[in-house]
Number of protein chains: 4
Amino acid sequence: MPKQTFFNLPSKKRERILQAGMEEFSAYPYLKSSTNRIIENADISKGSFYQYFDNKKDLYKYIIKKATDEKIEFLNEQLVDFEKQSFFDYLRELFIGGIKFKKQYPLLSKIGDRLLTGDNESLKKEVYDESRPKSNQFFLNILKKAAVRGELDPEIDIEMTAYMLTDFSISIIDYYFKQYEPENNDRVVEELEQILEYVDKMIYIMKNGIAKKC
Amino acid sequence: MPKQTFFNLPSKKRERILQAGMEEFSAYPYLKSSTNRIIENADISKGSFYQYFDNKKDLYKYIIKKATDEKIEFLNEQLVDFEKQSFFDYLRELFIGGIKFKKQYPLLSKIGDRLLTGDNESLKKEVYDESRPKSNQFFLNILKKAAVRGELDPEIDIEMTAYMLTDFSISIIDYYFKQYEPENNDRVVEELEQILEYVDKMIYIMKNGIAKKC
Amino acid sequence: MPKQTFFNLPSKKRERILQAGMEEFSAYPYLKSSTNRIIENADISKGSFYQYFDNKKDLYKYIIKKATDEKIEFLNEQLVDFEKQSFFDYLRELFIGGIKFKKQYPLLSKIGDRLLTGDNESLKKEVYDESRPKSNQFFLNILKKAAVRGELDPEIDIEMTAYMLTDFSISIIDYYFKQYEPENNDRVVEELEQILEYVDKMIYIMKNGIAKKC
Amino acid sequence: MPKQTFFNLPSKKRERILQAGMEEFSAYPYLKSSTNRIIENADISKGSFYQYFDNKKDLYKYIIKKATDEKIEFLNEQLVDFEKQSFFDYLRELFIGGIKFKKQYPLLSKIGDRLLTGDNESLKKEVYDESRPKSNQFFLNILKKAAVRGELDPEIDIEMTAYMLTDFSISIIDYYFKQYEPENNDRVVEELEQILEYVDKMIYIMKNGIAKKC
DNA sequence: AATGAATGAGCTTTCATTCAT
DNA sequence: AATGAATGAAAGCTCATTCAT
C-alpha cells in the first residue's frame, strides 16, 4: 500500500502519478517497467517516489487493485440484480459488461490482462492469488444460487465449473477483440448488435454444451 | 532459428546447451533469464553462444518449438486414431494425455506454461501466435470432422468452440494440478482412476453444457 | 552540541529522542545509522530534528558524551577513593567496574565500543580525540599519584603506561565477555567470583610483567 | 576471491586496479568507499569490475588478505629465528618490524588499521575473525614455547597474555606514530635510535610489569 | 516551534551483446 | 570455430538535509 504521504498529496499530483504508472504498466511487462520513466512522466523526483511508495511493486499492486475495483464498480452499475433474472441472463450481461469495460478503459484492461497472463510468477501469486479467488468465489456464489434455483444440471461439478468460468470470462473477451476488432473499428452502429450476437453464441455453448441433442 | 554452426555441433554438446537453456527458462521468466547462467551451465564460452544463436530469444524460441513438438509427439503416441472413436472419446484421451505429459515432463511443461501465461507480450505474440494457431487449428480440424460425423450440435459456432477448447485444454490441466496434486502425491495406485474421474466431469460439461436438461 | 531548542523541550520528549538515538547508534555503525529511523522511533518530524540538532553527527556526539559521563558517574559511585587504597587495588576496582558497567548498560557500552572501534576515522578523531585524552588523562593522573607514593617501578615511562592502560581497559573487558560470556550466562552465583578471578590474573600481569622472576 | 578473469589480466592492469582499490580503502571507511571511484581511478569500465570481482567486498577482502600476507612476509624477512634468541628479544624485533612496516607501507597499514578498528561489524567478523585468531595464535605459539624454555612467570595465564599481546601489538604501534611522528618527520638519522628506545621501554613493561620491585 | 514534502546525487549491480584475437 | 574481456546504459533504491508553510 502507498504510504500516507501519497494520500496527502494534492489530488492533481496524485492523479498524475497514477496516470504515469498506468501508462507504464500497460506499456511494459512488470519486469521491464521502469520507475525512472514513471517519475519522469509524472514529473516528480526520485526521492519523492520513494516517499510515496515502498517500491515499484507497491505502486503496481495499488494500481492493480484500483483497476479491479473500478471494474467491479463498472459491472455493478451495468448489472441487473442477480435475483431478478435467470442465471444465464445474468451471465450474458456479465460478459457484455466485460467487453464494454475493456472498450471503455483499455489502459486498465491491459494492465489487468498483463497480470492475469503475467510472467512474473511470484508477483502474480502475490497479487493474483488475491484476485483470482475473488473472481472464482464470485462465480461459485452465483453458480450455487443458480443450483438452488434449479437452473443447473445437477450432474455438474460446481467448483470445476466456477474455475472454468473464471478462465472463460477472460479468454472469451480476448477472443471477441481478436475476432471482431482487429483494427480500430469505427462502425459504432452495428457494434452492440455484434456484441450481443457474439455473447449469445457463447452462452448457448455454456448452456447446452456442444454435443448434438438427440 | 539457431545458426548452422549449432547443428554442426557434436550432439552431446548440443544437448548440453539445450538442457542448460531448458533449465534456465523453466526456472526464470524470460525477462529474468540470463544468458550468462546458460553458458555457464552449458560450459561454453560467451562468444560461442552468439556463434550458435542470434541472441537469447533465438534459443528461447527454438526450445519452445522443441517443447511443442515433443508434446505433439507424445500425444500422438498416446492417442488412438481420431477416425476410430467418437469425438468426445478422443477429447477425453487428449486431456488425459495432457495431464500425463505434464506429469512426465515437468520442465518442458513449465516452459510452455510460462509462455502461455507469459508477460512479455511482444515475445508472446511472436512465439505464441505461431503456436496458438497450431493448437487452434488442431481443434478446428477435429471439430469440423466431428461436425461432419454429426456429433456436434449444429447451432454452435465452430471457430469459437475451437478457441474455447484451446484455452480450456490449458486451464483444465492447471486446475487438475491445483486441485488434486497440491503436494507431492505418492498414491500412485488411485492416480489413474482420479484422472479419469476428473476428465469425465469435464467432458460432461463440454458435451452437455451446464443448464438443466428438461 | 544540540541547539537551545532541544534543551527547551519537555524532558519526556527529550528523553524519547535520546532513547531513539541510542538505540539507533547501538544497533548500527554510524555510517549506516539513519536519521529517518531515529525521528520515526522518537516520533518527531524531520524538520524538528534539524531544529534540535545541526545534523546527525551533532546528536551522535552528544550521545557519546552522555555515555561517557554516565560511565564516569557509574565508576565514581563504585570506586573507593583513590587515596584510601593502593594503586593496584584501585585499578582492580576500575576493571571490575568496567565489566559491571557493560553488564548493566549494554546499550551505552555498545555505542562506546562502536566508537572506539569505529571505522569513520575523521569522526573518530573528532569525538574520540576528545574522549581518549580524557581516559588517558585519567590514567596519567592516577599513575602519577601512584609514582609519588612509590608504588611504581621508577624505570617505566608513565606516559606510555597511561596509553597502554587506556587500550587495556577496553580490550580486557572485551576479552572477558568473549571468554566468559559467550552465551547468555544464567549462573549468577559464580559470576562475581569469576570476575574477580579474571581481573586478578590481569592485575598480576600488569604488576609483575610476564617474565620469570629470578 | 576475485574471479579467474582478474588473474588472467595483464599484470599492469591488475596492479592498476589493486592500486586504485588500495587508495580508496585507505582513504575511506569501507561503507563510504565507492566502486565508482575505484573504476574511475583504475580506468576500467563498470562492467569489467564485475567481471573481475563478485562485488565490492570481494575486492576489499582480497586487498586485506594481500596486506596481511605482505606484512607477514615483511616480518619474516626481518625476524631472526625464534629459536635463536630469547622470547623478549624476539618480541622486540617483532615490534620494531611492525613500526618499520607501517613506515614503509603506509597505505597497506591504513587499510589494516581500518579493518582492525573497523566499524562495519559484520564485515569485520567476516574478515577479521579470520585474521585476529591468526595473530592471536601466533602469540600463543611463541608464548607456549617461551614457557617451555622457562622464560615466563608460571603464574600468568598464557591465553590471556596472548590476547593482550595481540591488542598491544597494534595499539603500541599507534602510540609510536602519535607520539614520535605527529608530523612528517625528516630527521632520518635519529630515527632508528628513537624506535629502539621506544620499543625497549615497552618491552621492559611487558617483562617486569609496572609495580615497584622490592 | 513544528511540519513533512521535495530533493537529486549517489549508491551497487546486472545485462545482452560486440569484437579483437 | 572458439574465446572471453570489454562495454556502458540502465536498473531500483537510499539518504541527509532544505525550506515553504
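Here is the naming used below: chain letters follow the sequence lines, and residue numbers restart at 1 for every chain.
- Across all strands shown, C:K13 has heavy atoms under 4.0 Å from sugar-phosphate atoms exclusively, and none from any base.
- With rounding to whole Å, A:F7 atom CZ is found 16 Å from E:dA5 atom C1'.
- Distance check: A:I111 CD1 to A:M22 CE gives 5.5 Å after rounding to the nearest 0.5 Å.
- As rounded to whole Å, 13 Å separates atom C1' of F:dA2 from atom CZ of B:R16.
- For A:L59 and F:dG12, the CG to P distance is 12 Å, given to the nearest whole Å.
- Straight-line distance from the CZ atom of D:R37 to the C1' atom of E:dC11: 11 Å, rounded to whole Å.
- Contact annotation: A:N8 side-chain N/O to E:dA5 OP1/OP2 distance is under 4.0 Å.
- Rounded to whole Å, the distance from CG on C:L31 to P on F:dA16 is 10 Å.
- Atoms CZ and CD, on D:R37 and D:E23 in that order, are 12.0 Å from each other to the nearest 0.5 Å.
- Here the straight-line distance linking atom CD1 of C:I38 with atom CG of C:D43 works out to 14.0 Å at 0.5 Å rounding.
- Remark: the backbone N or O of D:Y50 is paired with a side-chain donor or acceptor of D:K3 at under 3.5 angstrom.
- Side-chain nitrogen and oxygen atoms of D:S34 include at least one within less than 4.0 Å of the OP1 or OP2 phosphate oxygen of E:dC11.
- Only B:S45, B:K46, B:G47, B:S48, B:Q51, B:Y52, listed by number, bring a heavy atom of residues 38-55 of chain B to less than 4.0 angstrom from any atom of DNA chain F.
- B:Q4 and B:N8 are linked by a side-chain donor-acceptor pair at a separation below 3.5 angstrom, with hydrogens and angles left out of the test.
- A donor-acceptor contact shorter than 3.5 Å links the side chain of B:E24 to the backbone of B:S34.
- Toward the 5′ end of DNA chain F lies the nearest nucleotide of D:T5, the other residue of the pair D:T5 and A:N36 mapping further downstream.
- Distance B:K3 NZ to E:dT17 P: 11 Å, rounded to the nearest Å.
- The side-chain contact (heavy atoms from CB on, under 4.5 Å) check on D:K13 picks up D:L9, D:P10, D:R16, D:I17, D:I44, D:Y52, with sequence neighbours excluded.
- Residue-to-nucleotide proximity on DNA chain F shows that, of C:K56 and A:T35, the 5′-proximal contact is made by A:T35.
- A:Y60 pairs in a ring-ring contact (aromatic ring centres under 6.0 Å, His included) with only one of the listed residues (A:Y28, A:F53, A:F25), which is A:F25.
- Between the OH atom of D:Y28 and the C1' atom of E:dT12 there is a distance of 17 Å, rounded to whole Å.
- Looking only at distances, a side-chain donor or acceptor of D:K56 sits under 3.5 Å from a matching main-chain atom of D:Y30.
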Intra- and interstrand pairs of DNA chain E - dot-bracket, Watson-Crick/G-U under 3.5 Å, | marks other strand: .||||||||||||||||||||
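- With rounding to whole Å, A:R14 atom CZ is found 14 Å from E:dA5 atom C1'.
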